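A short worksheet on the structure shown next.
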Amino acid sequence: VQLQASGGGLVQPGGSLRLSCAASGRIFNINNMGWYRRAPGKQREWVADISKGGSTTYADSVKGRFTISRDNAKNTVYLQMNSLGPEDTAVYYCKVTYFNTDYWGKGTQVTVSS
């Protein structure tokens, strides 16, 4: 399973970004998909998860601002990020669970700055 994340960039405070992460390879029936992030000088933290059936959970720090979704036909997970603030600056990583194994993408940089 290979994961390719995209959509990061520089955005002003209050702005929005949409991250995408596509899984490729001989895969089907991906279980959980999720996003994590690592801010400068901090440990990686969980951001959001979405189950195969579409149930979602969020970290308190992003609840109400971020929305995770997935397209099972495309094996792709998305993260819509609104009302971004400097505290959201981080490298964002996608993770998928496939047959009880976790696979990680390489990360995409999100920088929130004026």
Side-chain angles (χ1 to χ4, degrees):
V1 178
Q2 294 85 42
L3 299 176
Q4 181 65 51
S6 61
L10 174 64
V11 63
Q12 292 186 343
S16 299
L17 282 175
R18 188 190 193 211
L19 305 183
S20 300
C21 179
S24 60
R26 295 174 63 87
I27 54 176
F28 60 95
N29 201 30
I30 293 176
N31 197 351
N32 280 3
M33 307 180 85
W35 290 94
Y36 289 70
R37 66 186 181 185
R38 177 178 285 148
K42 296 185 178 181
Q43 292 189 340
R44 185 169 59 192
E45 66 171 346
W46 167 71
V47 174
D49 273 334
I50 184 167
S51 71
K52 183 171 57 177
S55 297
T56 59
T57 52
Y58 297 93
D60 287 343
S61 58
V62 306
K63 199 173 295 183
R65 300 187 299 122
F66 290 10
T67 302
I68 188 171
S69 60
R70 64 190 284 171
D71 184 332
N72 290 331
K74 296 180 179 180
N75 291 323
T76 299
V77 61
Y78 306 96
L79 187 67
Q80 177 66 45
M81 305 184 294
N82 299 329
S83 301
L84 286 163
E87 68 277 10
D88 297 312
T89 294
V91 178
Y92 284 71
Y93 301 88
C94 57
K95 186 190 82 170
V96 303
T97 302
Y98 185 63
F99 283 102
N100 295 321
T101 299
D102 291 335
Y103 296 88
W104 293 87
K106 289 186 178 180
T108 183
Q109 176 70 46
V110 172
T111 302
V112 184
S113 175
S114 56

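Since the structure is predicted, the reported quantities are computational estimates derived from the model, not experimental observations.
- Shown here for Ile68 and Gly34, the closest heavy-atom pair between the two residues is CD1-CA, 4.0 Å.
- Atoms NZ and OG, from Lys74 and Ser20 in turn, are 9.5 Å apart once rounded to the nearest 0.5 Å.
- Taking every heavy atom of both residues into account, Leu3 and Cys21 meet most closely at CB-SG, 3.9 Å.
- In this structure, OH on Tyr98 lies 14.5 Å from CG on Asn32, to the nearest 0.5 angstrom.
- One side chain, Lys95 or Tyr36, offers a donor N or O that lies under 3.5 Å from an acceptor on the other.
- By the 4.5 Å heavy-atom criterion applied to side chains, Val91 and Thr108 are not counted as neighbours.
- When all heavy atoms of Tyr93 and Gly105 are compared, the closest pair comes out as CD2-O, 3.5 Å.
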Take Val47 and Tyr58, measure what side chain to side chain contact (heavy atoms under 4.5 Å, CB included) needs, and give me the verdict at the end.
CA-CA 6 Å; Val47 174; Tyr58 297 93; 5.9 Å; no
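- In terms of heavy-atom proximity, Gly85 sits nearest to Arg65 at N-NH1, 4.3 Å.
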Pair Tyr78-Arg18, side chain to side chain contact (heavy atoms under 4.5 Å, CB included): steps then yes or no:
CA-CA 7 Å; Tyr78 306 96; Arg18 188 190 193 211; 3.5 Å; yes
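- For the atom pair CD1 (Ile50) and OG (Ser55), the distance works out to 8.0 Å, reported to the nearest 0.5 Å.
- Of the inter-residue distances, the one linking Ile30 atom CD1 with Ser51 atom OG reads 13.0 Å to the nearest 0.5 angstrom.
- Hydrophobic cluster membership differs between Trp104 and Phe99, with clusters built from Ile, Leu, Val, Met, Phe, Trp and Tyr side chains linked at under 4.5 angstrom.
- Remark: the Ser16 side chain and the Asn82 side chain contain an N/O donor-acceptor pair separated by less than 3.5 Å.
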Run the numbers on Asp49 and Met33 for side chain to side chain contact (heavy atoms under 4.5 Å, CB included), then give the verdict.
CA-CA 6 Å; Asp49 273 334; Met33 307 180 85; over 6 Å; no
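- Side-chain polar atoms of Asp102 and Thr97 form a donor-acceptor pair below 3.5 angstrom.
- There is no side-chain donor-acceptor pair under 3.5 Å between Gln4 and Ser6.
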Apply side chain to side chain contact (heavy atoms under 4.5 Å, CB included) to Ser24 and Asn75, showing your working.
CA-CA 7 Å; Ser24 60; Asn75 291 323; over 6 Å; no
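- Counting only distance, with no hydrogens or angles, the side chain of Arg44 and the backbone of Tyr92 share no donor-acceptor pair below 3.5 Å.
- Between Val110 and Gly8 the shortest heavy-atom distance is CG2-CA, 4.1 Å.
- Hydrophobic clustering (ILVMFWY, side-chain heavy atoms < 4.5 Å, transitive): Val11 and Met81 are in one cluster.
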After noting the C-alpha distance and the side-chain angles of Arg37 and Glu45, does the key distance pass the salt bridge (Lys or Arg N to Asp or Glu O under 4.0 Å) rule?
CA-CA 5 Å; Arg37 66 186 181 185; Glu45 66 171 346; 2.6 Å; yes
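- To the nearest 0.5 Å, atom NZ of residue Lys52 and atom CG of residue Asn31 are 5.5 Å apart.
- In terms of hydrophobic clustering, with Ile, Leu, Val, Met, Phe, Trp and Tyr side chains grouped at heavy-atom distances under 4.5 Å, Leu19 and Trp46 are assigned to different clusters.
- Although no hydrogens or angles enter the test, the distance criterion places a donor-acceptor pair under 3.5 Å between the side chain of Thr89 and the main chain of Val112.
- The closest side-chain heavy-atom distance from Asp88 to Phe66 is below 4.5 Å.
- Residues Ala48 and Leu79 approach most closely at CB-CD1, 4.5 Å, considering heavy atoms.
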